[in-house]
Structures are given as C-alpha cells and as structure tokens.
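Following: one structure in structure tokens, then a few remarks.
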Amino acid sequence: MAWEIVVGIETHTQLLTRSKMFSGAPNAFGAAPNTQACAVDIALPGTLPVANRAAIEHAIRFGLAVNGRISPRSVFARKNYFYPDLPKGYQISQYEIPVVQGGTFRFFADKIEKSIRLTRAHLEEDAGKSLHENFSDVTGIDLNRAGTPLLEIVTEPELRGAKEAVAYARALHVLVVWIGICDGNMQEGSFRCDANVSVRKTGDEKLGTRCEIKNLNSFRFMEQAIEYEAARQIEVLEGGGSIVQQTRLYDADRNETRSMRSKEDVQDYRYFPDPDLLPLVISEQDIERVRASMPELPETKRAKLIEAGVPPAQANQITSDIELTRYTVSAIRDASRIATQTVSSLIVGPLSARLNQDNISIDKSKMSADQLRILAQRMEDGTLSGKLAKEIIDAAWAGEGNVDEIIEKRGLRQISDSGAIEKIVDEVLAANAKQVADYRAGKEKAFNSLVGQVMKRSQGKANPAQVNEVLRRKLTSA
Ligand code: ADP
Ligand code: MG
C-alpha cells in the first residue's frame, strides 16, 4: 500500500536587529544570564511595549522576496499562556492579521524546481529560556532571549516527504540570510523549524491528522525526525489505529519522536488585540523604500550566472551564499563562456575545498577574485596546466605572492615545447614496455596509464592535450 507523506513547516527566524521587538534591550546572543533583559522584558508593572522599526522592515523585506501581500494594517495580539520563562503571562504575536499574507517560494529539491505557497509570515517576540542543566531541584530562568524579534514563516501543507521539506528549509535559510534579516546561526537558535507531518493513502484528497515536531535546529535532524514520524504514523494506521493530533519532540540520541503534549486548541490561548500597541500601519512609501534597498534575489542571480555560462549545478552551489556570488560575479565579469566555466569550476572545486579545509568564508579568501580570474586565464592560454590550480591556490594561501609570481618562482610553466614533450614521452615508452604492448593489444586503459606517467615525469607541467597527441602518434606509428 502506498502512503504519501505531507509536511507543512513553521519557521521561527530570529531577526537581525540591534534591539528587541518591543524594548530597547540589546538583541545579542551569549551574554551572562539576565544581563540583557530590561524592565519591559521582565514585565515590570507599568512598562509599555514599543514596536521595533527595523524588525518591521525585515518583515517587509521578506514579504517582498516571496511576493506576498504586505498588510497595510496588521494587529499585534496577545497569546496567553503560563510559563516561568514568560513573565508577562502572554507572548505578543500576530494572529488574525499577519504582516505578510500569502506568497510563493521556489526552491530546488533533487535538481527539480518546486514551488510552495506560503500561508503567512508574522512578527512576534521570543520567550526566555528555562535552564535545566547545572541545576538540581530548581530550574534556572534566563530572560535574555525574552523579547527577541521573530518572524514566523508558515507554509501550506504542500511539501511531500522529508527530503523535500529539508530542501525547502535549506533554501529558506539561504534566502533569509541573503536578504539580511537573519544571521542564520542554527546552533544559536536563530533559525528553528517545527515540522507538521501527516500521512495519507496516495490518491486521497483529504489530509491525514498531523503531529507537530517542535524546534528542529539542524537539517539532518529535521530529515530524520520527519522520516521517523511518518513511519510511526504509517505503522499505527496499518495496525488499524488512528493518529492523535499531538506536539512531539525529536530525540536525536535515540532517533525517535516522543509525545510532549496533546495539541492545544486555539481557544486555549485566548488571543485578543494587545491594547498597549497601536495597529501596525505600513504605507506604500514604506514598502517602496524597503524595495529600493533589496538585493537581487538568489534565483535571479542564479539565472544570470547560468546565462553567463556557469553550469546550473555550480550556479546553485554558488548562489547559496551571497558573498560567494559577489566574488563569482566579479571574477567572471566580461569573460567568455569558456573562461567563465573555468572560473566557476575553480570556485566550486579547489577554492571551495580550501575554504572548507580552513573553515572560513569567501570574504577571508587569500586569493582575490582578480587573482582567481588570472589563474583561469593562465589555464586558458596554456601557461599553466589545470592540474596545478590547487598547488597555486595553496601557494597563494601560504603568502607566496600573486599567481604569476608563483608560476615563475615555482617553475610551474606548462611545457608546451614539443621537443621537450617528445623527449619525456620517449623516456616513458622505453621504461614501460609492458604497457606499450598492452595498448597495442587493444587495452585502452594502458594508454591512460602512460599519460599519467608522462604527466608525473613532467611534474604535472606537460600540456595534457599535447601529451595525448604525441603519445598516440608514437604508439600507432612505431
Ligand atoms: P498551528 O498554528 O496550530 O500549528 P496551523 O493551522 O497554523 O496550526 O498549521 C501549522 C502548520 O501545519 C502549517 O505549516 C500547515 O501547513 C501545517 N499543516 C496543517 N495541516 C496539516 C496536515 N494535515 N498535514 C501536515 N501539515 C499540516
Ligand atoms: Mg504550530
């Protein structure tokens, strides 16, 4: 029996602002407990919230990026519940009218472009944190996070399966970092997803009952959690049982989801408009001002790179990072299509490998976009064999100078002198009688092995095309 897995994702994106959503306390991670919570955040009587303009502009940026409707008038509401890390007894959120309504988001899952509808994105404040580690018998409360601005981004239940859900979340992560509204730091909780999962028989119209898995802050865990949860639901249904709507937690150590609580109903929260805050009014001018400051989006940049000659898979990889994209655009400017491919292959290949090895981002690269462009040119004009690109990048990292200096100092100029190449080929043929015989007996592999030997003997400097040509000629003529 075939089952279809249905997923809807809610993402809590911490907004990159200096101060909190409704107070002037700093919005920064990692300070000593309770040193960044002001009177508003700890809910002293008589304090009043004031909405943060930067957070609102970030919400508008997001709305524009996904082509959503920016509400001209939205309302902050109180979501009431009791919890020790929520001193007010309610969280300020948006309920009936969110700041962004609808929108669509396109992303790639397994190389296929998908489009998903967004339900809404609303502004709210984060709660504080309850600390259980390092305490016995009591729970510690840290209110530094209380009041942190969040944009909650909600999708329609249109994702199919764990892989597609993760592809969506990864692409959304790229977008919110790209447009500068979130620092994207998942370890610090800046981007947390809840996955709503249900299953239904393939072909059924009606959605199954869902369970919501809370607070997934790694893509790997998200994939495992959804897979586990879907398998659990299928097992229950196939055993003749039914699914109870629940909030569940994912336990990564055991790779399982566990029930946390039965799902609250909306009425449990007793939402009502917060009388301390005016409705949020956004004018056309506000929207136009934000629009004017928007960067070109990843999908637009991606299309432009492909248009310039970057292979699609490489363009995908490059446009997952706005800085890497800027670097690439600078390195390929005015280059031919062929040269563009050489540049982009160097960027996603040896350059990215080197950055990963040092665990640094492109802005810390020890090879500038201009130098990378020269490196590609030296490969194009035959000065340098492509096999030595990695050596040049490593030498640049070691501070040995610019590309041309490194080629000269290390004597890496490609050998394109046919006399010199013939001499090396003759030496290799003389020393490898067996492979020569194998080749003549029809074993094409022997040819590759001989090419390898010639390249090795030339320390990687022989022009590979010439080596092939000379070798082929000598083997067939003699
Ligand atoms: P709540 O705010 O109580 O979590 P919502 O109705 O806002 O509930 O839905 C939250 C998320 O659950 C949305 O992303 C939505 O797409 C998803 N969702 C709703 N129904 C289902 C379902 N049957 N299966 C999977 N996901 C669902
Ligand atoms: Mg929810």
[X] vs [Y] side-chain heavy atoms within contact, under 4.5 Å:
X: H58; Y: T17; answer: yes
X: I56; Y: L280; answer: yes
X: L346; Y: L351; answer: no
X: L16; Y: I181; answer: no
X: L207; Y: R200; answer: yes
X: I213; Y: L249; answer: no
X: I393; Y: W397; answer: yes
X: L159; Y: I116; answer: yes

If we ignore hydrogens and angles and just use 3.5 Å, is the side chain of [X] paired with the main-chain N or O of [Y] as donor and acceptor?
X: S320; Y: Q317; result: yes
X: R373; Y: A335; result: no
X: Q91; Y: E125; result: yes
X: Q371; Y: V403; result: yes
X: S23; Y: K20; result: no
X: S218; Y: F221; result: yes
X: N80; Y: Y90; result: no

Is the shortest distance from a Lys or Arg side-chain nitrogen in [X] or [Y] to a carboxylate oxygen in the other one below 4.0 Å?
X: R78; Y: D276; result: yes
X: R220; Y: E223; result: no
X: D394; Y: R354; result: yes
X: R333; Y: D370; result: yes
X: E380; Y: R378; result: no
X: E212; Y: R248; result: no
X: E4; Y: K201; result: no
X: D142; Y: K129; result: no
X: R326; Y: D321; result: no
X: R258; Y: E256; result: yes
X: R289; Y: D286; result: yes
X: R291; Y: E288; result: yes

Answer yes or no: does atom [atom1] of [X] have more than 12 heavy-atom neighbours from other residues, nucleotides or ligands under 6.0 Å?
X: Q357; atom1: CD; result: yes
X: K390; atom1: NZ; result: no
X: Y83; atom1: OH; result: no

Residues [X] and [Y]: side-chain donor-acceptor under 3.5 angstrom:
X: S344; Y: Q314; result: yes
X: D85; Y: S130; result: yes
X: R18; Y: N27; result: no

| Near-ring test F105/Y168, centroid separation under 6.0 angstrom | yes
| query | Minimum heavy-atom separation for F22 to V40, with atom names? | reply |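 Where F22 meets V40 most closely, the heavy atoms are O-CG1, 3.8 Å.
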| query | Between K79 and Y269, is NZ or CZ placed under 6.0 angstrom from the six-membered ring centre and within 45° of the ring axis? | reply | yes
| field | Full working for side-chain hydrogen bond (donor to acceptor under 3.5 Å, both in side chains) between S259 and Q246 | value | CA-CA 7 Å; S259 176; Q246 269 176 345; 3.2 Å; yes
| task | Please step through side-chain hydrogen bond (donor to acceptor under 3.5 Å, both in side chains) for the pair Q233 and W3, ending with a clear verdict. | result | CA-CA 10 Å; Q233 293 182 12; W3 292 91; over 6 Å; no
| query | Is there a ring pair (Phe, Tyr, Trp, His ring centres under 6.0 Å) between Y250 and Y228 once you walk through the steps? | reply | CA-CA 9 Å; Y250 178 64; Y228 173 89; 7.5 Å; no
| Step-by-step side-chain hydrogen bond (donor to acceptor under 3.5 Å, both in side chains) determination, R210 to N196 | CA-CA 6 Å; R210 72 183 148 122; N196 294 269; 2.8 Å; yes
